[in-house]
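As a basis for the values below, the full set of heavy atoms in this structure was taken, side chains included, without hydrogen atoms, waters or symmetry mates.
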Amino acid sequence: MDKLWYLSQISVFDELPMEDLMELDKMAPMSTIKKNTIIQTPENYHEGMYFIKEGKLRLYKINAEGKQFTLGILGKGNIFGEIDSFSFGTKDVFIETIEETLLCSLSKNHFENFIEKHPRLALRFLKALSDRLRERDAMLEKLAFGDIRTRTLHLLLKLSEQFGIKDGEYYKIDLPLTHQELANMIGATRESVSVLLKELVKEEIIRTGRKSVHLKVDIAKEQLEMSGG
């Protein structure tokens with residue numbers, strides 16, 4: 001599959017005519033990155049914009065005790081990066097592939113030159129940035145004020161929106177999830193998450209398998225409404 005086809009599938013570019021996509025294609029090299037590869041650390045980042053063609057990335061920080069805290073997961077079609085005119089808040093984080101990933105990159109100069117020629121695209125980037133910040137603030141609020149049950153249900157609902165695949169009464173979250181990874185995402189211990197997941201299985205809100213979670217979305221939403229989450 002050629003790079004131009006991938007570029008045409010990214011929503012932020014879907015109104016660009018073919019000649020503009022061809023121009024972008026020449027500027028934006030694409031690379032395949034293996035699973036579990038750290039592509040950025042807070043001390044080592046490169047200015048530019050990056051577009052995920054295939055695969056998934058995890059954004060996380062490490063606290064003073066060495067514990068990881070996942071800030072978000074980005075999938076196909078997502079954008080991240082840092083330049084003077086646009087920042088997606090990814091400068092001071094670790095970014096790691098959680099499956100084989102295809103990335104397309106634009107240097108700072110190429111991106112700014114391209115945006116100057118396509119002012120409507122700049123507006124779309126601003127909307128994408130606004131949406132990302134709004135999602136981050138909503139997640140941080142839930143993590144700050146909710147108990148572990150509320151935080152976990154909120155996270156699973158968010159992941160089902162991003163990566164859910166309908167499977168009968170449930171939505172399969174198309175993402176490998178261990179108890180430790182879920183704990184990292186909500187700032188809890190693995191033990192407490194394991195206990196909660198067993199409770200949710202008994203209540204038939206979720207089904208679990210090896211690194212997999214299936215969620216009954218309607219029931220999870222009802223539970224959060226009842227709890228005020």
Side-chain angles (χ1 to χ4, degrees), residues 1 3 5-13 24 28-63 66-83 86-108 110-111 124-125 127-140 143 154-165 171-187 211-213:
M1 196 71 69
K3 181 174 51 175
W5 182 88
Y6 281 117
L7 283 172
S8 70
Q9 305 309 303
I10 299 176
S11 59
V12 77
F13 297 130
L24 187 63
M30 185 168 69
S31 56
T32 302
I33 304 172
K34 293 181 179 179
K35 179 181 178 181
N36 297 329
T37 299
I38 296 176
I39 62 175
Q40 177 184 292
T41 69
E43 297 77 29
N44 180 23
Y45 82 98
H46 302 284
E47 280 195 322
M49 282 292 167
Y50 300 85
F51 311 96
I52 303 171
K53 308 298 174 297
E54 297 287 348
K56 297 180 182 72
L57 303 175
R58 181 169 71 100
L59 281 58
Y60 65 94
K61 289 190 174 185
I62 298 178
N63 66 16
K67 183 178 179 180
Q68 294 183 8
F69 185 87
T70 299
L71 301 173
I73 294 173
L74 304 182
K76 179 180 178 179
N78 280 144
I79 306 163
F80 68 96
E82 304 288 325
I83 61 172
F86 289 92
S87 170
F88 282 88
T90 55
K91 178 178 178 180
D92 298 321
V93 304
F94 291 85
I95 302 178
E96 180 181 16
T97 58
I98 53 179
E99 59 186 46
E100 185 173 270
T101 299
L102 293 176
L103 270 188
C104 189
S105 59
L106 269 177
S107 71
K108 175 180 181 291
H110 281 153
F111 177 80
R124 302 193 71 186
F125 270 94
K127 183 181 184 304
L129 175 57
S130 176
D131 290 345
R132 179 77 56 78
L133 292 175
R134 185 165 55 250
E135 289 175 5
R136 185 198 65 183
D137 289 345
M139 178 65 78
L140 289 175
L143 292 178
H154 181 78
L155 173 67
L156 292 177
L157 278 170
K158 189 64 183 175
L159 293 177
S160 71
E161 289 174 9
Q162 288 182 275
F163 307 113
I165 299 172
Y171 278 82
K172 177 187 177 183
I173 297 174
D174 187 25
L175 191 69
L177 290 172
T178 65
H179 291 193
Q180 184 62 62
E181 285 162 344
L182 284 171
N184 289 342
M185 292 183 197
I186 64 170
K211 293 187 177 182
S212 69
V213 177

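Considering CG of Asn184 and CZ of Arg58, their distance stands at 6.0 Å, rounded to 0.5 Å. The CG atom of Leu182 sits 7.0 Å away from atom NE2 of His179, with the distance rounded to the nearest 0.5 Å. To the nearest 0.5 angstrom, Ile98 atom CD1 is 9.0 Å from Asn36 atom CG. Taking CD1 of Ile52 as the start and CG of Leu102 as the end, the distance is 10.5 Å to the nearest 0.5 Å. The structure places NZ of Lys56 at 4.0 Å from CD of Glu99, a figure rounded to the nearest 0.5 Å. Distance check, rounded to the nearest 0.5 Å: NZ of Lys211 to CD1 of Ile173 gives 15.5 Å.
Phe94 pairs by the ring-ring contact (aromatic ring centres under 6.0 Å, His included) definition with Tyr60, not counting sequence neighbours.
Side-chain contact between Glu100 and Thr32: present, with at least one pair of heavy atoms (C-beta onward) separated by less than 4.5 Å. Here the side chains of Ile95 and Tyr50 are not in contact, with every heavy-atom distance at 4.5 Å or above. Within the 4.5 Å cutoff, side-chain heavy atoms of Leu57 are placed close to those of Ile39.
Within a 6.0 Å sphere centred on NZ of Lys172, other residues, nucleotides and ligands contribute 12 heavy atoms or fewer.
Residues Asn78 and Ile73 approach most closely at OD1-O, 4.5 Å, considering heavy atoms. The minimum heavy-atom distance linking Ile79 with Leu74 is given by the pair O-CD1, 4.3 Å. Between Lys91 and Gln40 the shortest heavy-atom distance is O-NE2, 3.6 Å. Minimum heavy-atom separation, Ile83 to Glu47: CA-OE2, 4.3 Å. Here the shortest heavy-atom pairing between Met185 and Leu155 reads CB-CD2, 3.5 Å. Shortest non-hydrogen contact noted between His110 and Leu106 is CB-CD2, 4.0 Å.
Remark: side-chain polar atoms of Ser160 are not paired, donor with acceptor, to backbone N or O of Lys158 under 3.5 angstrom. Between the side chain of Thr37 and the backbone N or O of Thr97 there is no donor-acceptor pair closer than 3.5 Å.
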